[in-house]
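Model, not experiment: these values are computed from the prediction. This chain uses plain numbering: 1 for the first residue, then up along the sequence. Each ligand, and each atom within it, is numbered from 1 in the order the structure gives.
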Amino acid sequence: MSKLDKVVYQIYPKSFQDSNHDGWGDIKGVISRLDYLQELGINYIWFNPMIVSPQKDNGYDVADYRQFDPRYGTMEDFEELAREAKKRGIDIMFDMVFNHTSTEHEWFQRALNGEEKYKNYYIWKKGKAPGVPPNNWESKFAGNAWEYVEKFDEWYLHLFDVSQADLDWTNPDVRKECADIVNYWREKGVHGFRFDVINLISKWSYEDDPNNYDGRQFYTDGPREHEYLKELNRTSFGQDEDHLTVGEMSSTTIENCAGYAGADSNELDMVFSFHHLKVDYKNQMKWELQDVDFMSLKNLLFKWQVGMQEANAWNALFWNCHDQPRSISRFGNDKEYHKESGKMLAAAIHMLRGTPYIYQGEEIGMTNAYFTDISQYVDVESTNIYKVLLDKGLPEEEVLHILQERSRDNARTPMQWDDSENGGFSDVKPWLQSADSYRTINVKNTLKDPDSIFAFYQKLIRMRKEMPVVQEGIIVPLLEDHEKVFAYERKYNDESLICVNNFFAENTEIDLDLADYEVLLGNYPDQKPASHMTLRPYETVILYRK
Ligand code: GLC
């Protein structure tokens, strides 16, 4: 299958639509909303994990890879979902979490019971001294990355929560288990897979991080990564012609991604990388705020676009996902220029070279939650860091402000369908409370407005489906030194498409040779192509010439 005309929509199932009045989204709820997705025009849905999990990390702590968590529904519900989606031209992508399992997974439980076979599925090391972990690595969710098990007088590695034990991929049995799981879902008709933090599965070594950082240099893009991915491809999804795969790559490099998602490398179809989403991290630290560094954002986007193109490799394109605050609150302006900036961000990413991903609610301009009390947060990362930052002596007000900007719960609040209580997501108290903005920002209002952000996304999706220059054109950065505008050209045979985007709330000027272009789409009326143009706040214009 060609990936070129695909647009993927990400559903966070826990927050999409509740159908059985338990405050928790479910498969039947998704089925009831498929018409909406068809109207948007997307042709793939990536679901965050819906399988059995104690939910310490909302499903990324898997206790059974083959069963749906009953709170989401049954295998029959899933089969109905797949059928109904297919009728609407929509395929399904599942999330495979293979760097770690929940400590409640049978494998880990059997390991704890002393079964050698299963103990060897995980990574165990002796401490440096009694009570001292094997090294100084830090968990991505705060605290040391090792947990002591007295029975063995050994520690197991958990790069994430203590309940998420890292699997040992050097063990061929582990690799076989993972391939079998993919094959199980292939037999159920799933041919799309997103692989969670998949570039962390091959560890380099277990030494101390000499910089006292978190240790990531010792477990990222490790020595056997490419080998493992080629093997997984060969033994599972690669056997289907119509597969679509994406790897979540943490702190990676273009050189490595050229292999992970290279046209001929037989690993994955594309990669998520995150460097462009750290341009508001002070000193590269997620929990230290700074304004968006626009020039870095631009440079990183260009670097990845051009670098991956030169390597004949493919990017996933995105601003949002379940781990990121809402882009409109972050890179746009979710108050005075809600509609303008929501559309501008959409165009800026959808006209790039790669496959666009839309995260639920992005298409109606859902904003950060702006919670004001720690009790409103559920995410383990947020509640952990809250304690860590308070312990460091930061005033609570400041910590809450940081969470308003950075917490993953900003993305996870219930989908806003209408202005009824809980935004039409559920008629009982949801597992995570709705953002107050549901009263005005919701699907019902959106669909009444022909000039909505949603209508703009529809047009962008249609352009990708219909225009080879959007699918396949080469990317050429434009106006590289401009301090306010992100602009680029896509070229395909003698066609040229140019996308210009003002990322700021003031007017700005651009000089480009545009006189013989026509405007295909923009977020302000009456923009005329010219060699000198004024772009209004958050203005985007897509121009075309044949
Ligand atoms: C990925 C997921 C995130 C999860 C983590 C651990 O980054 O997207 O939600 O917490 O992996 O599985």
Legend entry - Nearest candidate to atom 11 (O) of ligand 1, where distance is taken over non-hydrogen atoms, out of Asp61, Asp196, Leu159: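 The nearest heavy atom belongs to Asp196.
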Under 4.0 Å to a heavy atom of [X] - the qualifying atoms of ligand 1, by number:
X	value
His100	6 (C), 12 (O)
Phe141	10 (O)
Arg408	3 (C), 4 (C), 9 (O), 10 (O)
Arg412	9 (O)
Val197	1 (C), 7 (O), 11 (O)
Asp323	1 (C), 2 (C), 3 (C), 7 (O), 8 (O), 9 (O)

Legend entry - Part of Arg194 with heavy atoms under 4.0 Å of ligand 1, whether side chain, backbone, both or neither: side chain
Inset, instruction - Heavy-atom distances under 4.0 Å are what count here, so tell me which part of Glu381 touches ligand 1: side chain, backbone, both or neither. - result: neither
Inset, instruction - Work out whether the distance between some heavy atom of Lys56 and some atom of ligand 1 is less than 4.0 Å. - result: no
Short side-chain donor-acceptor distance under 3.5 Å, [Y] and [X]:
X	Y	value
Trp146	Asn135	yes
Tyr438	Asn422	no
Tyr260	Asp221	yes

Inset, instruction - Give me the ring orientation class for Tyr12 and His322: parallel if the planes are under 30° apart, tilted from 30 to 60°, perpendicular past 60°. - result: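 Correct class here is parallel.
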Legend entry - Parallel, tilted or perpendicular: rings of Phe302 and Phe486 (30°, 60°):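 Phe486 vs Phe302 ring planes: tilted.
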Inset, instruction - Decide yes or no on ring pair (Phe, Tyr, Trp, His ring centres under 6.0 Å) for Tyr65 and Tyr184, but give the supporting numbers first. - result: CA-CA 9 Å; Tyr65 288 96; Tyr184 173 84; over 10 Å; no
Could you identify the single nearest non-hydrogen protein atom to [atom] and state the distance to 0.1 Å?
atom	value
atom 5 (C) of ligand 1	Phe160 CE2, 3.7 Å
atom 4 (C) of ligand 1	Asp57 OD2, 3.3 Å
atom 7 (O) of ligand 1	Glu248 OE2, 2.9 Å

Any chance the rings of [X] and [Y] have centres within less than 6.0 Å?
X	Y	result
Phe94	Phe78	yes
His275	Trp304	yes
Phe274	Phe318	yes

